[in-house]
Amino acid sequence: VTITGREKGVIIVNGVNYYAHEIEAAVEEIGGVTPSFTAAFAVRAAGAETDELAIAFHCVDDSDNALPTLLGRIRSAVVERAGLAPRFLLPVAQHQIPKTDIGKIQRPALSRRFSSNGFSDVVQRIERLTRGSETLPSWFYRISWQKRRPVQHRPLGANAAVVVVNADRALSAALHDLAAKRLGVP
């Protein structure tokens, strides 16, 4: 038995299916993005529990001045159309988007390249360009660990109101009976 077929362009993030072609269409509608040179694919960081969205695309002007605005427009369009914010936006040259002989984009090849740090220079460039708009500067926050003070438990008085939210009626009844017995209330 031989089973043949085509890998579907589905990206699953937090259990929700997103179709790569729909995301790609949203990106390609933006002025400045070269049509048919956009690829949406899944990537997973080491230790992560779910995939994240990466989008590789070719743009007409990838200068440091023009790119931040274009990235913002792409991010907004994808969120609006698909309801998912891309984790990585990767402006690349046309030849860096692999295609088959008939012109189909090879998303798995892009995902493998990303996993082997093949886009690290692009990711670093985008981080540098967008640091002001999408990353909190280091002076804005600092991690500070503080020892937690112990909680002071006070005994409940006879007039105290206690609410028990529980779907298990037997457990709720047992808690009620125990509290009533300890407080000396019927």
Side-chain angles (χ1 to χ4, degrees), residues 1-138 140-141:
V1 174
T2 303
I3 300 174
T4 61
R6 165 183 342 171
E7 185 175 310
K8 291 185 179 179
V10 178
I11 299 165
I12 303 171
V13 179
N14 292 324
V16 179
N17 294 355
Y18 299 93
Y19 294 96
H21 67 274
E22 291 177 2
I23 295 168
E24 293 162 359
V27 174
E28 290 180 350
E29 288 175 3
I30 297 169
V33 175
T34 307
S36 83
F37 287 94
T38 301
F41 55 98
V43 295
R44 185 174 294 209
E49 294 182 17
T50 188
D51 289 339
E52 295 178 297
L53 173 61
I55 302 172
F57 62 96
H58 179 264
C59 55
V60 177
D61 182 3
D62 71 345
S63 68
D64 287 359
N65 290 332
L67 206 50
T69 302
L70 181 61
L71 295 173
R73 290 173 46 215
I74 290 171
R75 188 174 303 280
S76 295
V78 173
V79 168
E80 185 177 319
R81 175 84 64 88
L84 175 65
R87 175 65 179 90
F88 298 100
L89 294 175
L90 310 166
V92 296
Q94 288 183 1
H95 71 273
Q96 291 181 298
I97 298 181
K99 294 187 175 188
T100 64
D101 291 338
I102 61 170
K104 294 188 71 67
I105 293 174
Q106 296 177 329
R107 295 181 192 97
L110 287 165
S111 187
R112 284 191 301 275
R113 179 175 173 197
F114 187 92
S115 296
S116 65
N117 294 322
F119 289 108
S120 60
D121 56 333
V122 178
V123 171
Q124 289 173 0
R125 178 179 179 220
I126 297 307
E127 289 287 328
R128 180 180 51 80
L129 289 174
T130 60
R131 184 166 304 280
S133 64
E134 297 184 20
T135 306
L136 289 175
S138 59
F140 188 79
Y141 70 95

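Being a predicted model, the structure only gives us computed values, none of them experimental. Below, each value reflects all heavy atoms present in this structure, side chains not excepted, and no hydrogens, waters or symmetry copies.
- Separating the CZ atom in Arg87 from the CG atom in Asp51 is a distance of 13.5 Å, to the nearest 0.5 Å.
- In this structure, the side chain of Ser116 engages the main chain of Arg112 through a donor-acceptor pair within 3.5 Å.
- Residue Asn17 holds its CG atom at 11.5 Å from CG of Leu84, rounded to the nearest 0.5 Å.
- Annotation for Ile97 and Ile105: closest pair CG2-CG2, 4.1 Å, computed over non-hydrogen atoms.
- Inter-residue side-chain proximity for Leu90 and Ile126 is flagged as unmet; no heavy-atom pair is nearer than 4.5 Å.
- Within a 6.0 Å sphere centred on CD of Gln94, other residues, nucleotides and ligands contribute more than 12 heavy atoms.
- Using modelled atom types, no side-chain atom of Thr38 and backbone atom of Phe57 make a donor-acceptor pair closer than 3.5 Å.
- Across all non-hydrogen atoms, the minimal contact from Lys99 to Ser36 is NZ-O, 2.6 Å.
- Residues Asp61 and Ala66 share a closest heavy-atom pair of OD2-CB, 3.3 Å.
- Listed here is the closest heavy atom pair of Arg107 and Ala20: NE-CB, 3.4 Å.
- With ring centers used as reference points, Phe114 lies under 6.0 Å from Phe88.
- Side-chain contact between Asp121 and Arg125 is absent, with no heavy-atom pair separated by less than 4.5 Å.
- Summarising the geometry, atom CG belonging to Asn14 is positioned 9.0 Å from atom CD belonging to Glu49; distances are rounded to the nearest 0.5 Å.
- Under the 3.5 Å distance criterion, the side-chain polar atoms of Arg81 are left unmatched by any main-chain donor or acceptor of Ile23.
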Candidate pair Arg128 and Asp64, rule side chain to side chain contact (heavy atoms under 4.5 Å, CB included), full reasoning: CA-CA 10 Å; Arg128 180 180 51 80; Asp64 287 359; 3.7 Å; yes

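- Scanning all heavy atoms of the two residues, the minimum distance from Gln96 to Arg113 falls at NE2-NH2, 3.1 Å.
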Walk me through whether Asn65 and Ser63 qualify under side-chain hydrogen bond (donor to acceptor under 3.5 Å, both in side chains). CA-CA 5 Å; Asn65 290 332; Ser63 68; 5.3 Å; no

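- Between Ile30 and Cys59 the shortest side-chain heavy-atom distance does not fall below 4.5 Å.
- When atom types are taken as modelled, the side chain of Glu24 and the backbone of Ala40 share a donor-acceptor pair closer than 3.5 angstrom.
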Side chain to side chain contact (heavy atoms under 4.5 Å, CB included) assessment of Asn117 paired with Val123: CA-CA 9 Å; Asn117 294 322; Val123 171; over 6 Å; no

Step-by-step side chain to side chain contact (heavy atoms under 4.5 Å, CB included) determination, Val78 to Leu53: CA-CA 10 Å; Val78 173; Leu53 173 61; 4.0 Å; yes

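- Between Ser115 and Val43 there is no side-chain heavy-atom pair separated by less than 4.5 Å.
- Closest approach of Ala56 to Val92, counting heavy atoms only: CB-CG2, 4.3 Å.
- Separating the CG atom in Leu70 from the CG atom in Leu129 is a distance of 11.5 Å, to the nearest 0.5 Å.
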